[in-house]
Number of protein chains: 2
Amino acid sequence: MTDQTTQDLKGAGLKVTLPRMRVLEVLSKVDDNDRHMSAEDVYRYLMTAGDDISLATIYRVLTQFEAAGLVIKHHFDGGTARYELDTGDNHNHIVCMKTGRVEEFTDKEIEAKIQTIARELGYELTDYKLTLYGVSQEAL
Amino acid sequence: MTDQTTQDLKGAGLKVTLPRMRVLEVLSKVDDNDRHMSAEDVYRYLMTAGDDISLATIYRVLTQFEAAGLVIKHHFDGGTARYELDTGDNHNHIVCMKTGRVEEFTDKEIEAKIQTIARELGYELTDYKLTLYGVSQEAL
DNA sequence: ATGCTTGCAAACGGTTTGCACGTGT
DNA sequence: ACACGTGCAAACCGTTTGCAAGCAT
C-alpha cells in the first residue's frame, strides 16, 4: 500500500489525501511535452480525468509541494506560473516563443561558472535560473 | 532643445510628452541601488518629486518603452515586475534573498556557451535570462 | 476526537482597459 | 484640427483566503 506517490507525500511530511496524490501523479506522469504545467493545466487535466478537485485546492497543494521541495515553480514569461517535479538535477530551460513549448538542458560548465561568479561577488548561492528564449526550427 | 531624453523618445517613435520624459529620466538617473524599479516605485518616486502622473500612465509608458526596446522588464521573484533601462549590454542579475537588492554582472564565457547550446538544440536564440539568488555577505 | 484539508465564493494585488477629456505636432 | 496621450474608476486575471463542512490519523 505504500507506493511511490504515497511515500513522496509522507516523506514531505504531508498527510496523504486524494487531491495531493492526484496532483503528484499528474506531475509525475505527463510526458515531456506537457511538463511545466500551470495550476489551471493541472486543474483541467484532472477534471477531464474525472476527478473533482477545486482550483483553490490545486493552488494550495502546489504551494505546499513547492515548500516541501517536491516541485519547482517557474515564472517563465510573466503570465502564469508553471510547475514541474523537482527531479534533483538542477536543469535549465529553453522556451519556444512560437509554441510555448519548454525543453530542458543541463550544462556542467555553466553550472560551475555560476558558482564561481556568486563566490566572487560575495554571495552564498541558494539557487539560480537560466532560461533561454528562442524559436525552435521545428516550429517553422 | 533636443536633449538625450527627448532624442530617445523620438528615436523610439514616441511622441514627446511629460509623463514619458519623466519616467525615462527617473530610470536614467537613479543610482545603482535603486535600479530595477517596479511601476509603483516609479510612481511613488514621481509623486514625491512633485509630479502628478497616474499609475495607469506609468504602466502604459513602461509597456510602450518595453515594446520600443528602451526598457527591459523582469519578473525576478514572481511578485511584481521590475523595469530597467536597456543599456545594450546583455547583463545578468544576482538577487539578494535577504535585502531584495539586485546587482548586475556579465560573463563572456557563459554568453558564448548559451549561444552554442541554443544552436545545438535547434533554436534561434532571441533572448535569455540568467538570474542568481543568494545571500550577500554584506547582508549578514 | 481533533486537527489538518477541502470547496465555495469572496477578497486580493498587480496590471489593463473604456471612456471622456486634454495635449503634442 | 486631429490623432494620440492621459486620468479616473471599473474590469481583469491569476492567486489567496475565511469559513463551515469533511476527512485522515
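As a basis for the values below, the full set of heavy atoms in this structure was taken, side chains included, without hydrogen atoms, waters or symmetry mates. As the structure is a computational prediction, the values presented were derived from the model and not from experiment. Order of the sequence lines fixes the chain letters, A, B, ..., with proteins taken first and strands second; residue numbering starts at 1 for each chain.
Distance check, rounded to the nearest 0.5 Å: CG of B/Leu130 to CG of B/Asp107 gives 9.0 Å. To the nearest 0.5 angstrom, B/Ile114 atom CD1 is 12.5 Å from B/Arg119 atom CZ. The OG1 atom of B/Thr57 lies 14.0 Å from the CZ atom of B/Arg22; values are rounded to the nearest 0.5 Å.
When heavy atoms are screened at a 4.0 angstrom cut-off, B/Leu18 is found touching no nucleic acid atom at all. Using a 4.0 Å heavy-atom criterion, one finds that B/Arg60 contacts the bases of the nucleic acid, with or without backbone contacts as well.
For A/Ile58 and D/dT16, the CD1 to P distance is 13 Å, given to the nearest whole Å. Between the CG atom of B/Asp52 and the P atom of D/dT6 there is a distance of 13 Å, rounded to whole Å. Whole-Å rounding puts the A/Tyr83 OH to D/dG14 P distance at 13 Å. One can place CZ of A/Arg20 at 8 Å from C1' of C/dC4, the figure rounded to the nearest angstrom. A straight line from NZ of A/Lys10 to C1' of C/dC4 spans 16 Å, rounded to a whole angstrom. Whole-Å rounding puts the A/Leu9 CG to C/dT5 P distance at 11 Å. In this structure, B/Tyr43 places its OH atom 14 Å from C1' of C/dG14, rounding to the nearest Å. Here C/dG7 presents its C1' atom at 11 Å from CD1 of A/Ile53, a figure rounded to the nearest Å.
Between B/Ala39 and B/Leu14, the residue anchored nearer the 5' end of DNA chain C, judged by the nucleotide with its closest heavy atom, is B/Ala39. Residue A/Val61 is the one, among B/Leu55 and A/Val61, whose nearest nucleotide of DNA chain C lies closer to the 5' end (criterion: closest heavy atom).
No hydrogens or angles considered: a donor-acceptor pair under 3.5 Å links the side chains of B/Asp3 and B/Thr6. No side-chain donor-acceptor contact under 3.5 Å links A/Thr5 and A/Asp8.
Between C/dT16, C/dT5, C/dC8, one nucleotide has an atom nearer to the side chain of A/Lys15 than all others, and that is C/dT5. Closest approach to the B/Ala56 side chain among C/dT5, D/dC8, C/dG7 is made by D/dC8 (side chain taken as heavy atoms from C-beta onward).
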If you write DNA chain D from 5' to 3' in dot-bracket form, with Watson-Crick or G-U pairs under 3.5 Å, [ ] for crossing pairs and | for pairs with another strand, what do you get? ||||||||||.|||.||||||||||
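Distances shown here put every side-chain N or O of B/Thr80 at or beyond 4.0 Å from the OP1 or OP2 atom of C/dT15. OP1 and OP2 of D/dT6 both lie 4.0 Å or more from every side-chain N or O belonging to B/Thr57. Regarding contacts with the backbone of D/dT15, a side-chain N or O of A/Tyr59 is found under 4.0 angstrom from either OP1 or OP2.
Under the 30°/60° scheme for interplanar angles, the aromatic rings of B/His91 and B/His93 are found to stand perpendicular.
Linking ILVMFWY residues whenever their side-chain heavy atoms come closer than 4.5 Å, directly or via other members, leaves B/Val95 and B/Leu132 in distinct clusters.
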